[in-house]
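In this text, all values refer to a predicted model and were calculated from it rather than measured experimentally. In what follows, chains are A, B, ... by sequence order, proteins preceding strands, each numbered from 1.
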Amino acid sequence: MQNNLKRTHHIQGLGLEHAGQRVVLNGWVNTRRDHGGLIFVDLRDRSGLIQVVFNPDISKAAFDLAERIRNEYVIAIAGLVNPRPEGTVNPNLETGQIEVFASELVVLNGAKTPPFYLDDDVEVDEGLRLRYRYLDLRRQEMKNNLLLRHKVVRSLRGFLDEQGFIDIETPILTASTPEGARDYLVPSRVHPGEFYALPQSPQLFKQILMVAGMERYYQVARCFRDEDLRADRQPEFTQLDIEMSFIDEDDVIGLSEAMISRAYKEALNLEIATPFPRLTYQEAMTTYGSDKPDNRFEMHIQDLTDLLQDSEFKVFAAAIKNKGVVRALNAKGCASFSRKEIDDLSQKATGLGAKGLAWIQVTAEGMKSPIIKFLTAEEIQAIISHLDAEPGDLLLFSADTEEVVARVLGGIRLELGQRLNLIDESLHSFLWVTEFPLLEWDEDEKRYVAVHHPFTSPRDPELLELEPQNATAMAYDLVLNGTEIGGGSIRIHQHSLQQKMFSLQGLSPQEVETKFGFLMEAFEYGAPPHGGIALGIDRLVMLMAGRDSIRDVIAFPKTQSASCPLTQAPSMVSEKQLQEINIKTIIK
RNA sequence: GGAGCUGUGGUGUAGUGGUUAACAUGUCGGCCUGUCAAGCCGAAGAUCGCGGGUUCAAGUCCCGUCAGCUCCGCCA
């Protein structure tokens with residue numbers, strides 16, 4: 001260091017017990033209050049804030065220099081810790097009992113005035129924050145988010161280490177696979193015209209590691225998917241990737257629960273009760289209209305199909321006749337909704353694919369509804385009793401295919417939950433969704449596609465043979481507050497079953513050989529039964545931090561158009577670079 | 001690919017088609033020895049994202065475009 005003011009203490013932890021000690025502190029000028037004859041500087045380092053007093057009676061030189069320092073200057077100070085005079089203690093500051101009387105000051109570096117406030121609650125434009133991310137990250141809130149992330153990952157690693165998992169790295173430059181998301185491609189210089197792909201997940205490698213006899217693997221793995229962004233989706237994101245041999249679903253679920261509750265304890269000092277509730281996919285879709293239910297509030301969807309079997313009301317009758325369902329929500333206390341509020345809900349329903357949204361306002365004077373005249377007294381009575389409807393309630397109906405009804409009422413339910421403030425934001429509500437369907441028919445491509453991924457084991461291989469559309473998977477998703485934060489499965493480890501799955505999904509033996517030949521071959525050399533899970537670290541930490549975007553828990557995230565305002569990535573490269581990798585661009 | 005919202009001094013906002021674009025904060029200068037979002041006095045700072053159009057007149061209305069955000073599609 002170019003001066004003799006080598007740091008002796010970090011700010012956090014300084015207190016009355018240090019009174020009388022000489023300390024040397026390094027950090028940034030958080031704020032400066034110049035009283036003319038006396039200057040206060042709140043000095044900030046990573047750990048915290050402390051008040052430094054510049055008094056000409058203590059050091060004229062330091063005082064004179066302090067008149068010229070500005071916010072975000074990097075300084076070193078030396079001085080004695082003093083208890084603050086009576087009446088000047090600042091209870092809002094961890095170090096508010098004390099202050100440092102500066103006898104020496106060295107300016108280590110000046111700083112331009114930051115383009116936005118660093119210590120305010122003011123909502124600054126996010127583009128600006130990302131462009132000056134190094135300033136944004138100086139803000140306490142962002143610093144806390146990154147610290148929390150560190151604590152969570154440290155806890156997860158510690159737990160897995162104790163449980164006998166080993167951390168193994170897998171390639172970032174790998175082969176493109178046919179299924180799944182769009183790949184990020186990397187041209188090969190050595191092999192003109194050929195490309196690596198960045199991994200969408202280490203899925204195949206971790207299965208190969210099981211064949212290799214590693215038994216318990218984990219990795220904090222970066223994953224890449226070239227799809228459009230959302231508040232909870234970035235083109236590169238971090239997964240805690242786990243794979244285990246000789247285990248079943250309950251083993252993976254139990255391990256995950258223990259691991260997560262410990263992370264909450266170690267990072268947030270919160271107790272999370274285990275085991276987490278489990279819902280089958282079928283239950284989740286029927287009750288919540290979602291495969292990632294937010295169970296922080298009730299308002300369950302109720303099925304009325306049986307009650308309305310013989311209804312004369314065309315909308316209901318037609319849906320039931322077409323093997324669809326009629327289901328409803330009871331929006332408690334919403335009978336007072338204005339026509340416009342109900343119209344808004346209808347519009348939302350239409351947007352979700354509904355043909356309309358039927359409703360009944362239950363009032364002390366009776367039912368108000370455009371559909372009431374189509375229903376018999378018995379039907380109305382049955383609906384009322386099934387939905388526990390009381391005066392003041394608003395009943396909302398959807399009649400269509402099971403899929404549409406689930407999506408519509410699931411969406412309306414979430415909308416109402418937010419609008420009516422039914423969600424306790426302090427909760428961390430976990431649940432498992434199990435027994436996912438294995439396959440889904442893709443009408444466009446006229447073939448089955450894997451709901452989870454093509455390596456997921458069916459619960460019942462015989463059913464897969466007979467009725468593939470009804471086969472369920474040994475797959476499980478972990479949901480936190482209505483957000484999917486993880487998912488996994490027991491994998492297929494037999495060559496023949498894997499071959500069967502591929503062929504159901506329309507892959508020819510040649511394609512399987514080209515794309516997954518190495519996996520298929522590995523399965524012929526003693527593959528143990530295995531399975532695992534991947535947790536979305538960004539989403540988990542986001543929810544733990546109470547944020548609503550994963551950008552707030554990623555040091556250098558990308559914007560919605562997948563660019564980085566700090567580095568300007570992506571950017572043009574030189575003609576020479578392109579030539580070396582045999583690439584010619586066709587734009588511009 | 002589509003829908004919506006936003007864009008005004010450095011920052012956050014206000015701004016009926018009509019005078020010199022307002023307020024707060026920050027910045028700069030002056031005063032000030034107990035403040036902690038210090039205070040008081042003063043000053044500078046905006047061609048209202050960009051390009052067209054309508055109009056006697058556009059920050060305001062229309063069209064396009066760019067950027068940011070939210071959502072749908074997409075994300076095995």
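In this structure, A/Leu357 CG and A/Thr350 OG1 are separated by 7.5 Å, a value rounded to the nearest 0.5 Å. Separation of atoms CG (A/Leu504) and CZ (A/Arg447) is listed at 11.0 Å; rounding is to 0.5 Å. To the nearest 0.5 angstrom, A/Phe502 atom CZ is 6.5 Å from A/Leu507 atom CG.
A donor-acceptor contact under 3.5 Å is formed by the side chain of A/Arg233 with the base of B/C75. At a cut-off of 3.5 angstrom, counting only N and O atoms as typed in the model, there is no donor on one side facing an acceptor on the other between the side-chain of A/Arg230 and the base of B/C69. Not a single donor-acceptor contact under 3.5 angstrom links the side-chain atoms of A/Arg32 to the base of B/U35. Checked by distance alone, A/Glu99 brings a side-chain donor or acceptor within 3.5 Å of a matching partner on the base of B/G34. Within 3.5 Å, no donor on the side chain of A/Asp125 pairs with an acceptor on the base of B/G12, nor the reverse. For A/Tyr117 against B/G10, a side-chain-to-base donor-acceptor contact under 3.5 Å is present.
For the residue pair A/Asn144 / A/Gln140, a side-chain donor-acceptor distance below 3.5 Å is found, with atom types taken as modelled. Side chains of A/Tyr217 and A/Asp241: a donor on one and an acceptor on the other come within 3.5 Å. Side-chain contact, A/Gln219 with A/Thr170: a donor N or O sits under 3.5 Å from an acceptor N or O.
For the pair A/Arg413 and A/Phe297, the distance from NZ or CZ to the six-membered ring centre is under 6.0 Å and the angle to the ring normal is within 45 degrees.
Within the 4.0 Å cut-off from OP1 or OP2 of B/G10, not a single side-chain nitrogen or oxygen of A/Arg131 is found. Residue A/Ser561 has no polar side-chain atom (N or O) positioned under 4.0 Å from OP1 or OP2 of B/A67. Distances shorter than 4.0 Å separate none of the side-chain N or O atoms of A/Thr113 from OP1 or OP2 on B/U27. For A/Arg33 and B/U35, the shortest distance from a side-chain N or O to OP1 or OP2 is not below 4.0 Å.
Between B/U35, B/U33, B/C69, one nucleotide has an atom nearer to the side chain of A/Thr88 than all others, and that is B/U35. Counting only heavy atoms from C-beta on, A/Phe116 has its side chain closest to B/U11 among B/G68, B/U35, B/U11. Listed candidates were B/C75, B/G68, B/U27. Nearest to the side chain of A/Glu227 is B/C75. Taking only side-chain atoms of A/Pro85, from C-beta outward, the nucleotide of B/G34, B/U27, B/C75 with the closest atom is B/G34. For A/Val124, whose side chain is taken as the heavy atoms from C-beta onward, the closest listed nucleotide among B/U11, B/C71, B/C36 is B/U11.
Straight-line distance from the CZ atom of A/Arg44 to the C1' atom of B/A37: 15 Å, rounded to whole Å. Between the CD1 atom of A/Ile69 and the P atom of B/C28 there is a distance of 12 Å, given to the nearest Å. Straight-line distance from the CG atom of A/Asn71 to the P atom of B/G10: 19 Å, rounded to whole Å. The interatomic distance linking A/Arg129 (CZ) with B/G10 (C1') rounds to 17 Å, in whole Å. Distance CZ (A/Arg182) to C1' (B/G1): 10 Å, rounded to an integer number of Å.
Residue contacts for A/Ile39: at a heavy-atom cut-off of 4.0 Å it reaches no nucleic acid atom on any strand shown. Backbone-only contact: A/Arg70 has heavy atoms under 4.0 Å from sugar-phosphate atoms and none from a base. Residue contacts for A/Arg407: at a heavy-atom cut-off of 4.0 Å it reaches no nucleic acid atom on any strand shown. Across all strands shown, A/Asp34 has heavy atoms under 4.0 Å from base atoms, whether or not it also approaches the sugar-phosphate. Within the nucleic acid shown, A/Asn55 comes within 4.0 Å of at least one base atom, counting heavy atoms only. Among the protein residues, A/Gln505 comes within range of no part of the nucleic acid, since none of its heavy atoms lies under 4.0 Å from any strand.
Taking atom C1' in both B/C69 and B/C28, one finds a spacing of 35 Å when rounded to whole Å. Using atom P as the reference point in both B/C56 and B/G4, the two lie 31 Å apart (nearest Å). Rounded to whole Å, the C1' atom of B/A14 lies 12 Å from the corresponding atom of B/G59. B/U47 sits 12 Å from B/G9 when the C1' atoms are compared, rounded to a whole Å.
Closest-nucleotide positions on RNA chain B for A/Gln560 and A/Leu93 were compared, and the one nearer the 5' end corresponds to A/Leu93. Between A/Ser201 and A/Ser563, it is A/Ser563 whose nearest contact on RNA chain B lies nearer the 5' terminus.
In this structure, A/His35 forms an aromatic stack with the base of B/A38, since both conditions hold: centre separation below 5.5 Å and plane angle below 30°.
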